[in-house]
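Structure, as structure tokens:
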Amino acid sequence: MAIVGWSLASSMLGCTTREQETPPMQTRAAENVSPEMRDRALRGLHSEDVRLQLEGLRFLESFPEVKQQQLSRVEELAKSGKDAKVRSQAAKILK
């Protein structure tokens, strides 16, 4: 029993120590994103697939500097997107 209690206590201590050692999150900048991820998001933005459009818009929401390059497409989706969610997300990004 003492070994089980010691093992449990030491594993619990290890968990709290690991949580404290976690480095703070880095700020997200477009240059920190792989070119493949960025290209995929931008292709999705120009896709006819609603799900891919939403993914592209969410990507732009996280990276405002990329949004400026795609502003005309975001405005187009806000006005004439086929899905209400796409229009809503695009309008949210434009604010």
Next on the checklist: Using side-chain contact (heavy atoms from CB on, under 4.5 Å), reason through Q53 and Q89 one step at a time and then give a plain yes or no.
Outcome noted: CA-CA 10 Å; Q53 288 176 348; Q89 182 71 23; over 6 Å; no
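- If you chain together hydrophobic residues whose side chains sit under 4.5 Å apart, L54 and L52 never meet in one group.
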Next on the checklist: Before you tell me yes or no, could you show the steps for L71 and L94 under side-chain contact (heavy atoms from CB on, under 4.5 Å), namely the whole-Å CA-CA distance, both residues' side-chain angles and the distance that decides it to 0.1 Å?
Outcome noted: CA-CA 8 Å; L71 203 52; L94 290 173; 3.6 Å; yes
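- Under a 3.5 Å cut-off, the side chain of S80 and the backbone N or O of E76 do form a donor-acceptor pair.
- In this structure, OG on S88 lies 12.0 Å from CG on L77, to the nearest 0.5 angstrom.
- Here the CD atom belonging to Q69 is positioned 8.0 Å from the CG atom belonging to L42, to the nearest 0.5 angstrom.
- Under a cut-off of 6.0 angstrom, the local environment of CZ in R73 is crowded, with over 12 non-hydrogen atoms contributed by other residues, nucleotides or ligands.
- One finds the CD1 atom of I93 at 9.5 Å from the CZ atom of R58 (value rounded to the nearest 0.5 Å).
- Here CD of E55 is found 12.0 Å from CG of L60. Values are rounded to the nearest 0.5 Å.
- Annotation: side chain of F59 is not in contact with side chain of R40 (no heavy-atom distance under 4.5 Å).
- E48 CD to H46 NE2: the interatomic distance, rounded to the nearest 0.5 Å, is 11.0 Å.
- V66 is not listed as a side-chain neighbour of V33, based on a closest heavy-atom distance of 4.5 Å or more.
- In terms of modelled atom types and a separation under 3.5 Å, the side chain of R87 and the main chain of G81 share a donor-acceptor contact.
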